[in-house]
Amino acid sequence: MLTVTDLDLFYGDAQALDHVSLTVEAGTTTAIVGANGAGKTSLIRTISGILKPGGGRIAFKGREIGGLPSHRVCDLGIGQVAEGRQIFPTLSVRENLEMGAVIPRARAAAKQSYDRVLALFPRLEERLTQAAGTLSGGEQQMLAIGRCLMGRPELIMFDEPSLGLSPAMVQELFRTIRNLAAEGMTIILVEQNVAASLKLAQRAYVLENGRIVLSGTGEALLADPAVKQAYLGL
Ligand code: ATP
């Protein structure tokens, strides 16, 4: 579904991504693992069109999307749940969800999407008129995922979705991601809970200093001595 080939990204003179190549098959979960500053967020933001690639190609369903503006990428079916959640704090829960369906691909089916999101997150239904900024961290993360789903993505990219959540909420979050995967959603997951993300992932890539240094099935990377030592604290 997504093929990234020799992708480069620069911040001024500093190279943050160096010939990154990866493949994401439809209906699978792909984990991206790496230390702070390895380039995970840069990769997600380049795929989503927020950052402009310095070289290489990004093909989504056979179509080149590298360098397209982010609203176009979103309208082609790539959704992003950004680090830090990025909800609109002064808007209500309902308004935040409605904002997710403003892109052309999502408008006609907004009502069905809305019902689906509330079925997935009953807690949001109890808080529809509440300002989003007054929700708990876990609820805000649900809202961010719900808003992304309102855009009817075919591929969802999660950037550190568990950041700042309580252990119970982290479990709930992983349950949600597993449910989406079970429904056939294609997922890219960047997660500090490396073991949990590798368990979910059919395929995984390790980024170091902007380069892919290792890839394999989630299972293989879980068992890899270098991964165990660097990312699993074993
Ligand atoms: P983290 O988990 O800490 O977010 P990451 O793997 O997502 O790390 P990135 O945030 O993509 O890493 O950063 C990759 C590199 O690019 C780092 O060296 C970082 O300092 C640099 N970088 C990120 N954003 C900018 C920016 N706006 N301007 C300049 N350099 C940046």
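Counting starts at 1 for both ligands and their atoms, following the listed order.
Close approach to Ala38 involves these atoms of ligand 1, each under 4.0 Å from a residue heavy atom: 5 (P), 6 (O), 12 (O). The atoms of ligand 1 that sit less than 4.0 Å from any heavy atom of Ala16 are 16 (O). Near Glu160, meaning under 4.0 Å from one of its heavy atoms, ligand 1 places the atoms 2 (O). The Thr41 neighbourhood of ligand 1 comprises atoms 4 (O), 5 (P), 7 (O), 10 (O), 11 (O), with distances under 4.0 Å to a heavy atom of that residue.
Comment: Glu139 engages Arg127 in a salt bridge, judged by a side-chain N to carboxylate O separation of less than 4.0 angstrom.
Partner of Leu22 under the side-chain contact (heavy atoms from CB on, under 4.5 Å) criterion, out of Leu7, Ile32, Thr3, Thr5: Ile32 alone.
The presence of a protein heavy atom under 4.0 Å from atom 19 (C) of ligand 1 is ruled out.
The protein heavy-atom contact nearest to atom 2 (O) of ligand 1 is Lys40 NZ, 3.3 Å. In terms of protein heavy-atom proximity, atom 11 (O) of ligand 1 is nearest to Ser42 OG, 2.5 Å. Residue, atom and distance of the protein heavy atom nearest to atom 22 (N) of ligand 1 are Tyr11 CE1, 3.3 Å. Counting only heavy atoms of the protein, atom 15 (C) of ligand 1 lies nearest to Gly37 O, 3.6 Å.
Grouping Ile, Leu, Val, Met, Phe, Trp and Tyr residues whose side-chain heavy atoms lie under 4.5 Å apart, directly or via other members, places Leu91 in a hydrophobic cluster with Phe88, Met99.
For the pair Gly39 and ligand 1, the shortest N or O to N or O distance falls below 3.5 Å.
Taking the side chain as every heavy atom from C-beta outward, Leu9 and Leu43 never approach each other to under 4.5 Å. Between Arg123 and Met142 the shortest side-chain heavy-atom distance falls below 4.5 Å. Side-chain atoms of Leu180 and Leu149, non-hydrogen and from C-beta on, do get closer than 4.5 Å to each other.
The part of Ala35 lying near ligand 1 is the backbone, judged by heavy-atom distances below 4.0 Å.
In this structure Asp8 satisfies the side-chain contact (heavy atoms from CB on, under 4.5 Å) test together with Phe10, Gln15, Asp18, His19, sequence neighbours excluded.
Checking Gln192 against Ser162 by side-chain atom types alone, a donor-acceptor pair falls below 3.5 Å.
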